[in-house]
Structure formats: C-alpha cells, structure tokens
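Input: a single structure, listed below in structure tokens.
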Protein chains: 2
Amino acid sequence: MHNCDKRRHPKHFPQDSPMAPRSASKSAVPSDKVGVICRALRRAIIEQALEPGAKLPEDSLGERFGVSRTIARHALGQLAAEGLVELRRNRIAVVATPSWQEARDAFDIRIELERLVVRQLAGKLTKSQVAELNAHVDAEDHARDGSDAVSIRLATEFHILLANMTNSPILVRYVSEVAYRCCLTLSLYSRPHSSECAINEHRAIIAALVKGDEAKVMSLMHSHLDSVASRALVAPAPRRGRDLLDILAPYAEESEGGRVVKMPKVVRAR
Amino acid sequence: MHNCDKRRHPKHFPQDSPMAPRSASKSAVPSDKVGVICRALRRAIIEQALEPGAKLPEDSLGERFGVSRTIARHALGQLAAEGLVELRRNRIAVVATPSWQEARDAFDIRIELERLVVRQLAGKLTKSQVAELNAHVDAEDHARDGSDAVSIRLATEFHILLANMTNSPILVRYVSEVAYRCCLTLSLYSRPHSSECAINEHRAIIAALVKGDEAKVMSLMHSHLDSVASRALVAPAPRRGRDLLDILAPYAEESEGGRVVKMPKVVRAR
DNA sequence: AGCGCCTCAATTGCATGCAGTTTGACGGGC
DNA sequence: GCCCGTCAAACTGCATGCAATTGAGGCGCT
C-alpha cells in the first residue's frame, strides 16, 4: 500500500464539536453514532487533518469509532451526499478532491446563499446574537497565533453561525455544506495565509448587520467571499506538493502537453 | 393502524426515470441499487404517489425493490440528507412534511439559486440546448390534459434541465434538491391547478435566455418562482383534507382556538 | 531488464440475525 | 362507558458473515 498508512489514523478524531452540535445533519441521521462519525470527519476535513484524496476505508473508520462497518459506511454515504467524500463502486472512499471549476462554482453558490443570509438578518439581530458574533470574531482574533487549521475552522464557523441565526434549517444546511466544500478547496489550492484580513471583514459585516443596512451588508458579504475566493483560487493549477498522482488524475484527459509524468497503467483503464 | 396500509404499496414504483438518470445522486451513491431506490422514491414523491407523511418502512421498501433492509435503509438515509424524508430514531421513516415556514424558506433559496442558473446561462445556450428546452416545454404543454402529477413533475424537471446546462454539478444538486422540496410543498399546501400559466413563463424564460439579456431573464425567473410560490403558499394553513392528525400536529402549540378536534392522546406525548 | 499475466490479500457489496424500542390492541378496573 | 396498564407484533439499530471485486506484488516469458 503506497501512502495510505500515514494518514489512516490522522490523530484521534475530535469526538465532539464545540459548536455546531446540530447544524446540517440534524434530520439526516438515524441514530447518532452515524452523526458522531459525520461530525468528526467533517471537522477533521475542514481542519485539514484529512487532506483531499485521503483514503477512508470502512474498516478503519469503524474500528476507530468503535462501530461496525455498516455504520461507518452509512456515515460515508451521508458525507458523500454532502460532497465531502467521494464514493466509487468497490473502491475505498476518499476525501473529495474538487476540481478548480467545481471550487469556483461552490464559491459562486456560496456568495448567493450568504447574501440571502445577511439580507434576512440585517437589522434583525438581538443583542445576545450580536454578542455571540462578536465573541466568535474575538476567538478568531485570538486564534491568529495558533495553527492555520483552527483559524480556517473558526472563519468557516463564523459563516455557519450567521446562517444559524436565520432559523432556516434548509439555509443552514446549504450554507454549511457549501462552506465545508470551500474549506476543502482552500486546503487544495490555497496557501497557508488566508484568514488574517478576513477577521476585519467579519467585524465590518457584523457592524453593517447591526446598522440594518441590507444593501450594504449584502455587498460586504459579497466582496468578502469574493476576496476569500480569489485569495484561494489564485491559479487554476494545484500548488502545494501533494500526492501528485492523485492530484494529477483529474487532469489526465486535458493534459496540455506540458511536463508529462510516466503514469504506468493509469492510461489503461482511464 | 390508522391509514398506513392504504399507502404502503403506492403502486409499483417506476423503476427508472426517463429523464434525470444522473441528477443529484450521481456521486452520492455507492452502488446503484441504492440509487435506483432513491430515484424511484424521489419520483414517487414528486408525483405525489407518496404524500407527505406517508410511511416508508425499511422492510416493505426492501421487499418491493428486491433488496435487503440494509440497502433500503441506506437509501432512506440519502433521501433524508436531501430533506425528502424524515428519519426519527426507532421510528418508521416518513415522507417529509415541511412546515409552511420551511416551504417559504425553500422557495427563497430556490429563487436565488435559479437566478444564478439563468445568469450563467444567458446568451450561452447552444442551438441544441435551446431545442431541448423547447421540446421539454412542448411536452409540458402536451401533458396539460394528463394528470396533475405529470404536469408538476415536468414543470420541476424543466428547472432541473436548466440547471443541468450550467455544467455545475454542485448547482445541479442544490437546484434539484430544493426543487424537489418545493414539489413536496406543493402537494401539501397547494390546490390542483398550478402549472397552467407556468408554461408560458417557461417559454418567456427560454426566449430571454436566447436573447442573452441577463437582467431580464433573472427578473423573469424571479417573478416566475415568486408566482409559483404564492400560488402554492396562499395560506399558512393546510387546505386539502389529509391525515388531519399528522397535518395538525405541527400546529399543536399554536392552535388559535378555532374548531378543535378531539385529539385523544396526541396531547400526552406531544 | 522489461513487460504482461496471475494469484492473493485487502476491501467493498450485501443479506441475515439478534437485541432493543415503539406501536397498537386487548383486557381489567373505575 | 372510559381510562389505564400490560403484552405481543412490528419495526428499527447494529454487528457479523459471506460472496464479489479490486489492485498489487510476484512470477515467468521475451
């Protein structure tokens, strides 16, 4: 097995998320064993403990979480439905590796959805909600020294927190999903810098929400996400040195003849 | 058992969908047995063969489709992730019964998403795509005499067809999901009339798309969906005589003291 | 040495079985 | 007659077992 073992046991998965105890999977999950696994994997993915392309064998998952393959499998199904993992018949599930175009699409959708969020929220936040938002941004600020992973997670959770305040489960679900996808993208195409300036933009959004200026806050959110996207999607080519083969795979058919890798028998089946 | 058996075997499920052989579940499904069940149930739901609240026991599903409960269960999980069915621990899965507010939210999201669709599509359609759209609307027209179920399905599929043309799998998925949800809503809150006028609106949208007028087509789509929504969501109270108890359940706490039903022991637990 | 075939461990696909929970009904008490 | 407690059937939650597929390394051939 080539590089699988390195990442098979990423750390020990954080078994419970501090925030988002409900979020997307509220109604989707039969029991909660599945829910626990989903949340853990989601978090591991957005913190980049699991990089795109990482393998997720049902056995290992089941063993790690103390459940049978059946449950692990079900969890993988849910995550696949969210677009976070890819399931191919008779093959090991892997963390999704969105193409550059898919990433771009995800951001486009995210912009529209989050504009909707702030439109619904403008001028309607309670004092305690504002306090909660400010506290969260403070936490983001505080985490600037820490790992990038935490910063990215917190930044994402800010947006989900906003969505939560709309009290629209559907909207929460979609915003969460698409935000997670965008996180995936970040770990694929972006450099480890990102978040810094985003914090101020978050503060500006809160201010505009409180002021109640719909148009203003929508445009703020738009440009905020636009800049996140453009910081992330600088070039349509993957930058960081990863699995090489795995990352190159999606480009197999549209290789424009640059430096060509040997690719022994990938050509055969694909 | 109250009214369960009547709908336990709705007809025989249409095993394959004429259109949408891929749609939302393309990447979500491990094998295709699950996919087949999902598609069949989705279709049965949007054609209102399965009404909101209808029970979906794993055994019956498995038996009907010739698979084990494991697979049926997995399929239900997927549909739950899409919001089409509700899964409660240790309880029989049921077709989702969105509240009026959820329905409103779904339409709001749908409007934004579909505006995005037509924005991306304006002026970019190929001849054959236009032909396909026209053919579809012709089919809608032709189906006006037929059952409401088919009309509703075709109207919904028109929107999904549009989304497909963006070549953005994510967008397709979200539009499909939310459109299906809106169908659910229609079968809950709307009267059997709807589609008639929608056909002309569809034609107008195609025309504007061809003309390439972004602003125009976005506003057309907006008002089209708005009018569908307002035709559907006339009153926040359910109209058609359905399960009574099931439908009234969500209103248990906000009963404004109109004619009260007896409700023998629903009060106890709920 | 290089190339292809073949075999085997690893892994998924799926059904079945058992245990626990809910449902709905029957029967006794008020 | 009505209400409540008890019970059996129905259903879900989950693990396990077996068959089928994959892909990776080894072997022989050129």
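Naming convention: chains lettered A, B, ... in sequence-line order (proteins, then strands); numbering from 1 in each chain. Every heavy atom of this structure was used, including side-chain atoms; hydrogens, water molecules and symmetry mates were not.
- Spacing between atom NE2 of His74(A) and atom P of dG13(C) amounts to 14 Å, rounded to whole angstrom units.
- Looking only at distances, a side-chain donor or acceptor of Thr185(A) sits under 3.5 Å from a matching main-chain atom of Arg181(A).
- Recorded end-axis angle for the helix from dA1(C)-dT30(D) to dC30(C)-dG1(D) stands at 0°, based on five pairs per end and rounded to 10 degrees.
- The separation between Arg88(B) atom CZ and dT21(C) atom P is 18 Å, rounded to whole Å.
- The shortest side-chain heavy-atom distance between Cys183(A) and Ile45(A) does not fall under the 4.5 Å cut-off.
- A close approach under 4.0 Å does occur between a side-chain nitrogen or oxygen of Arg73(B) and OP1 or OP2 of dG13(D).
- The interatomic distance linking Asp59(A) (CG) with dT16(D) (C1') rounds to 12 Å, in whole Å.
- Comparing Thr70(B) and Ala93(A) against DNA chain C, the residue whose closest nucleotide sits nearer the 5' end is Ala93(A).
- Protein atom CD1 of Ile71(B) is 15 Å distant from nucleotide atom C1' of dC14(D), rounded to whole Å.
- One atom, CZ of Arg89(B), and another, C1' of dT23(C), lie 17 Å apart when rounded to the nearest Å.
- Taking 4.5 Å as the limit, every side-chain heavy atom of Lys33(B) sits out of range of all side-chain heavy atoms of Ile37(B).
- At a threshold of 4.5 Å between non-hydrogen side-chain atoms, the residues His74(A) and Arg73(B) count as touching.
- Here the C1' atom of nucleotide dA9(D) and the CD1 atom of Ile92(B) are 12 Å apart, to the nearest Å.
- Side-chain proximity of Asn90(A) to dC14(C), dC11(D), dT21(D): nearest is dT21(D).
- If you measure from atom CD of Glu86(B) to atom C1' of dT12(D), you get 17 Å, rounded to the nearest angstrom.
- One can place NZ of Lys55(A) at 15 Å from P of dT22(D), the figure rounded to the nearest angstrom.
- At distances below 3.5 Å, at least one donor-acceptor pair connects side-chain atoms of Gln78(B) with backbone N or O atoms of Gly77(A).
- When the nucleotides dT12(C), dA15(D), dC11(D) are ranked by their closest atom to the side chain of Glu58(A), dT12(C) comes out on top.
- Side-chain nitrogen and oxygen atoms of Arg91(B) include at least one within less than 4.0 Å of the OP1 or OP2 phosphate oxygen of dT23(C).
- Between the Glu86(B) side chain and the Thr97(B) main chain, a donor and an acceptor come within less than 3.5 Å of each other.
- Counting heavy atoms from C-beta on, the side chains of Leu79(B) and Val85(B) come closer than 4.5 Å.
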